[in-house]
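Below is one structure, written out as structure tokens; the observations come after it.
Treat the numbers as computed from the prediction; the structure is a model and nothing was measured. Hydrogens, waters and symmetry mates are skipped; everything else that's a heavy atom, side chains included, is used.
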Amino acid sequence: MHGNMGTLFQNLVEYFAIDPKKTSVEELFTDLSNFRTMFMQAIKENGRRREAEEKLRRARLAREKAEREKQERQQKKKRLLDVNTENSDETGVMDSLLEALQSGAAFRDRRKRAPRPRDDHTVISPGSYRQVLRPSNHGKHHRSVALHDLSVCFNGNLTLA
């Protein structure tokens with residue numbers, strides 16, 4: 001084993017053109033190990049750099065696409081407004097309104113709305129209801145009590161208050 005290692009060391013020294021009298025086996029293998037470690041780190045760093053560049057490129061393309069779409073929408077609105085000013089008669093107005101309805105421009109809101117808070121998790125117990133009763137008079141002989149808008153007469157008839 002030691003002899004085989006010696007021949008491999010001699011082959012490596014000759015291959016790398018290193019003076020075997022100045023370099024020991026430990027120094028050679030330490031240098032090779034350090035080179036391998038630094039090479040693997042460089043590969044990882046290059047991969048991360050490529051991923052970051054690709055991410056920036058995709059973000060730039062998305063921004064450019066959004067900008068182009070925004071300009072196209074503005075040009076379309078401008079053309080629609082130009083058609084409205086050119087055709088001031090009633091048929092032109094109707095045509096432009098129909099075009100706005102078909103394109104969906106009439107339904108777009110220019111301001112952004114905040115989402116409404118939802119109270120889906122609110123549970124009200126039956127004991128917390130407060131019934132509001134009010135008297136209602138629907139004639140001389142019918143006295144009834146209304147619960148919200150629905151009232152039941154004393155004679156059993158169901159009426160709306």
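- Hydrophobic clustering (ILVMFWY, side-chain heavy atoms < 4.5 Å, transitive): Ile18 and Leu8 are in distinct clusters.
- When side chains are defined from C-beta on, Lys77 does not count as touching Gln74, because their heavy atoms never get closer than 4.5 Å.
- In this structure, NZ on Lys76 lies 7.5 Å from CZ on Arg79, to the nearest 0.5 angstrom.
- A salt bridge does not link Glu51 to Arg48: none of the charged nitrogens lies less than 4.0 Å from a carboxylate oxygen.
- Between the side chain of Thr23 and the backbone N or O of Pro20, no donor-acceptor pair lies under 3.5 Å.
- Residue Glu69 holds its CD atom at 12.5 Å from CD of Glu64, rounded to the nearest 0.5 Å.
- Counting heavy atoms from C-beta outward, Leu98 and Gln102 have side chains that approach closer than 4.5 Å.
- Using modelled atom types, one side-chain atom of Thr37 and one backbone atom of Ser33 make a donor-acceptor pair closer than 3.5 Å.
- Once rounded to the nearest 0.5 Å, the distance linking CD of Glu53 with CG of Leu56 reads 8.0 Å.
- Between Glu67 and Arg63 the shortest side-chain heavy-atom distance does not fall below 4.5 Å.
- In this structure, Leu32 and Arg36 have side chains that are not in contact, with every pair of non-hydrogen atoms separated by 4.5 Å or more.
- To the nearest 0.5 Å, atom CE of residue Met40 and atom CZ of residue Phe35 are 11.0 Å apart.
- Salt bridge Glu45/Arg49: absent, no basic N to carboxylate O contact under 4.0 Å.
- Side-chain contact check for Asn34 versus Phe39: every heavy-atom pair is 4.5 Å or farther apart.
- Taken to the nearest 0.5 Å, the CZ atom of Arg50 stands 14.0 Å off from the CZ atom of Arg57.
- Using a 4.5 Å cut-off between side-chain heavy atoms of Ile, Leu, Val, Met, Phe, Trp and Tyr, with links allowed through other members, Val13 and Tyr15 fall into the same hydrophobic cluster.
- Taking every heavy atom of both residues into account, Glu27 and Lys22 meet most closely at OE1-O, 3.8 Å.
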